[in-house]
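Before any comments, here is the structure.
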Amino acid sequence: MENTLINHDFERSIKRLRQILPKLAFGLLIGTYLTSAVIMGLFHSQNAPNFGFKIAAFLVPLAIQAGRGTLVFFFQLNPLRIQSRFSFGIVAATVLLVLSMVEAFLVMFPYGLSWTVSVLTLMIIGWLIEVMILQEITFATKLELFHNQQEWEKLTKFYGAINEFEATATKPKPQLKIEPKPVKELGKIGQGKEDKEPDFSSDTFYGVKIDRSNPMLSHNLLRLKNRFQERHDDSIKKAEARKQQGKAPHQTTEKSIQENQERLRRVDFIINTLLKQTA
């Protein structure tokens, strides 16, 4: 039995309205751009001293409105650059609205308050349409990504990688201070070697030749230690992330932590021994 409580004509009208609203919104926005530019051009041209200035009186407002539209919607060239609530487009639209209202007030006020209010109202309506369109575009992009789970996961990983990269890039590099310490029960210096004091002439540790006559020896050892420290810290982060998910760390992660702890211990031994021999 047909539901008589639903007005199907009204329902169909809503569907048609939703179909034409996007075109209507963009049409109104372009219309407000053009109307604002033409109005400013008309009133500027009345005070133009010659024909060249009359042309400029129309071209400059048109260029301003075209530049405004470009700045507001520029990041829609790549919709995956998700904009925040106070995005660049909304900030640009707001700043340019204020400048346009100041210009309109200075130009229109001598012709009466009614003209001034009308033009300012037109500009505010244009700004509201800009903001509403930007918000709807952002929401539609997020909704489209949500329905495509693969792209959503890729984008999530991408932004996570960017945040991690920026955090790593801005993180101050640890400054290693070489201080003499008593060395007790240190492990092996290199693979398969017993614990001993290097003679700084023939030993090699992970590609660094232990040659005391090399002025770059300390620098190379510090770089090597920083490399081991970064690997150790990365493995710790991975293990902590697994624990937060309620999972046990991977065996490779645990092995990496142990290996890099041992490497750090060995490089400390070499650095401290070097200081002792050069003292």
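Just so it is clear, the model here is predicted, and its values are computed rather than measured.
- Here the CG atom belonging to Leu122 is positioned 4.0 Å from the OG atom belonging to Ser36, to the nearest 0.5 angstrom.
- Leu28 contributes atom CG, which lies 9.5 Å from atom CG of Leu21 (distance to the nearest 0.5 angstrom).
- Using a 4.5 Å heavy-atom threshold, the side chains of Leu42 and Ile39 count as separate.
- Glu136 is linked by a side-chain contact (heavy atoms from CB on, under 4.5 Å) to nothing, counting only residues two or more places apart in sequence or in another chain.
- With salt bridges taken as basic N to acidic carboxylate O contacts below 4.0 Å, none links Glu259 and Arg231.
- In this structure, the side-chain contact (heavy atoms from CB on, under 4.5 Å) partners of Thr116, at least two apart in sequence or on a different chain, are Phe105, Met108, Phe109, Leu120.
- The two residues Pro61 and Ala37 come nearest to each other via the heavy atoms CB-O, 3.5 Å.
- Atom NE2 in His232 sits 11.5 Å away from atom CZ in Arg263 (nearest 0.5 Å).
- A continuous path of ILVMFWY side-chain contacts below 4.5 Å connects Ile125 to Ile133, so both sit in one hydrophobic cluster.
- Atom CG of Leu96 and atom CD of Glu130 lie 8.0 Å apart (nearest 0.5 Å).
- By the 30° and 60° cut-offs, the orientation of the rings of Trp115 relative to Phe43 is perpendicular.
- Residues Ile257 and Gln261 meet the side-chain proximity criterion, which asks for heavy atoms closer than 4.5 Å.
- Rounded to the nearest 0.5 Å, atoms CD (Glu240) and NZ (Lys243) are 5.0 Å apart.
- At a cut-off of 3.5 Å, with distance as the only test, a side-chain donor of Asp233 or Gln229 sits close to an acceptor on the other residue.
- Counting heavy atoms of neighbouring residues, nucleotides and ligands inside a 6.0 Å radius, atom CD of Gln46 exceeds 12 of them.
- Between Arg265 and Glu262 there is a salt bridge, with a side-chain nitrogen of the basic residue lying less than 4.0 Å from a carboxylate oxygen of the acidic one.
- Ala93 approaches Val72 most closely through the heavy-atom pair CB-CG2, 3.7 Å.
- For the residue pair His44 and Glu103, a side-chain donor N or O sits within less than 3.5 Å of a side-chain acceptor on the partner.
- Transitive grouping of hydrophobic side chains (ILVMFWY, heavy atoms separated by less than 4.5 Å) keeps Phe53 and Val107 in distinct clusters.
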Working for side chain to side chain contact (heavy atoms under 4.5 Å, CB included), residues Ile124 and Met101
CA-CA 9 Å; Ile124 293 174; Met101 291 179 68; 4.0 Å; yes
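- A 4.5 Å side-chain heavy-atom check between Lys238 and Ser256 finds every atom pair outside the cut-off.
- Put simply, the side chain of Arg242 does not reach to within 4.5 Å of the side chain of Thr253, judged on heavy atoms.
- The distance from atom CZ of Arg12 to atom NZ of Lys15, rounded to the nearest 0.5 Å, is 8.5 Å.
- A continuous path of Ile, Leu, Val, Met, Phe, Trp and Tyr side chains, each step under 4.5 Å between heavy atoms, connects Ile129 with Ile137, placing both in one hydrophobic cluster.
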Show your working on side chain to side chain contact (heavy atoms under 4.5 Å, CB included) between Arg68 and Ser100 and close with a plain yes or no.
CA-CA 10 Å; Arg68 173 178 178 172; Ser100 297; 4.0 Å; yes
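- Under the 4.5 Å side-chain heavy-atom criterion for ILVMFWY residues, no single connected hydrophobic cluster contains both Leu34 and Phe58.
- Tracing side-chain contacts under 4.5 Å through hydrophobic residues (I, L, V, M, F, W, Y), one never reaches Tyr111 starting from Val117; they form parts of separate clusters.
- You'll find the side chain of Met123 stays beyond 4.5 Å of the side chain of Thr32, heavy atoms only.
- A donor-acceptor pair under 3.5 Å is formed between the side chain of Lys54 and the backbone N or O of Ser45.
- With contacts defined as side-chain heavy-atom distances shorter than 4.5 Å, the pair Lys255/His250 does not qualify.
- Across all their heavy atoms, Val119 and Ala104 have their closest contact at CG1-CB, 3.9 Å.
- Under the rule for a side-chain contact (heavy atoms from CB on, under 4.5 Å), the partners of Thr94 that lie at least two apart in sequence or sit in another chain are Ile90, Trp127.
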